[in-house]
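Read the numbers this way: they start at 1 and go in the same order the structure lists the ligands and their atoms. All heavy atoms count here, side chains included; hydrogens, waters and symmetry mates do not.
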Amino acid sequence: MKINTAEFIVSNSDAAKCPAERIPEYAFIGRSNVGKSSLINMLTGRNHLAKTSAKPGKTQLINHFKINANWFLVDLPGYGYAKVSKSTKATFQKFITDYFEKREQLVCGFVLIDIRHEAQKIDLEFMAYMGESEIPFCIIFTKADKISKTKIDSHIAAYRKAMRANNWEDMPPYFVTSSLEATGRDAVLSYIDDLNEDIFKNANEF
Ligand code: GTP
Ligand code: MG
């Protein structure tokens, strides 16, 4: 997919105030600092569209970006930055769960996972929440440039195993990306493009 236009539309802390427009929407979620905003810049080819930072907690609001004038990419704040008790089940910021539960235009959530690390409890809990809420999601492994090519496969295999141990039949569709090297750009964009095409064909039902 060619990105002709990518424009920032609005930031919100209230899911109910997000744009009303019924166009397909895709949201990036994951722990703070995992690379959500960088991935939006990499996919759109605009280095400064979404604000990034080496310090966790940069994105604090729900940010809508309109792509090619007919679909939205959404940059969300990270979870796991605000203090979460290690012993209890994680709770996610209410405006984030509101967003996922209320946003009818959302076609797919992308849960970003840093490919360097073992499966983290908070990510598994977030994916369990997505499953229980019946919200379709994919996994995007980020920062692939930080490990060797040979390690990528073994880390993915370990992640699949962790998901199976957490009652998933299998991993959802997944992508391996590096925002630094633009790895995975075509794969993610064609996945979105295919979903959009189906939606635009059956526009009356969307
Ligand atoms: P919050 O908004 O705080 O939740 O973070 P975020 O998930 O949006 O992360 P962000 O895109 O701001 O990136 C965090 C840090 O990771 C920055 O220093 C980025 O430069 C770095 N980073 C992001 N993606 C990659 C990547 O693919 N490779 C490398 N090497 N660094 C990356
Ligand atoms: Mg961010």
Has [X] got a side-chain atom pairing as donor or acceptor with [Y]'s backbone, closer than 3.5 angstrom?
X	Y	value
Arg116	Lys143	no
Arg185	Thr183	no
Asp193	Leu189	no
Asn12	Lys17	yes

Give me the nearest non-hydrogen protein atom to [atom] as residue plus atom name, then the distance to 0.1 Å.
atom	answer
atom 4 (O) of ligand 1	Lys36 NZ, 2.8 Å
atom 30 (N) of ligand 1	Asp145 OD2, 2.8 Å
atom 2 (O) of ligand 1	Thr59 OG1, 2.7 Å
atom 18 (O) of ligand 1	Ala54 CA, 3.3 Å
atom 9 (O) of ligand 1	Gly35 N, 3.2 Å
atom 16 (O) of ligand 1	Lys143 NZ, 3.0 Å

Polar atom proximity, [X] to ligand 1 (N or O, under 3.5 Å):
X	value
Lys146	no
Ser179	yes
Pro56	no
Lys55	no

May I ask which of [options] has a heavy atom nearer to [atom] than the others do?
atom	options	value
atom 14 (C) of ligand 1	Ile29, Leu39, Asn33, Leu112	Asn33
atom 12 (O) of ligand 1	Ser53, Ser37, Ser38	Ser53
atom 3 (O) of ligand 1	Gly57, Pro77, Ser32	Gly57

Which of the numbered atoms in ligand 1 are under 4.0 angstrom from any heavy atom belonging to [X]?
X	value
Gly78	4 (O)
Ser178	27 (O)
Lys58	1 (P), 2 (O), 3 (O)

Under 3.5 Å side-chain donor-acceptor pair for [X] and [Y]:
X	Y	answer
Thr142	Thr177	no
Glu101	Tyr129	yes
Asp14	Tyr99	no
Asp123	Tyr79	yes
His155	Glu118	no

Centre-to-centre under 6.0 Å for [X] and [Y], is that the case here?
X	Y	answer
Phe126	Phe100	yes
Tyr191	Phe175	yes
Trp71	Phe206	no

- Message: Applying side-chain contact (heavy atoms from CB on, under 4.5 Å), can you list everything that pairs with Asn4, at least two apart in sequence or on another chain?
- Response: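 Partners of Asn4 by the side-chain contact (heavy atoms from CB on, under 4.5 Å) criterion, ordered by chain and then number, come out as Lys2, Asn68.
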- Message: Within a 6.0 Å radius of atom OH on Tyr174, are there more than 12 heavy atoms belonging to other residues, nucleotides or ligands?
- Response: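 Check fails, neighbour count at 12 or below.
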- Query: the Mg ion (ligand 2): which protein N, O or S atoms are under 2.8 Å away?
  - Reply: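 You should have found Ser37 OG, Thr59 OG1.
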- Message: Against ligand 1, does Val34 come closer than 4.0 Å with any heavy atom?
- Response: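 Right, Val34 reaches ligand 1.
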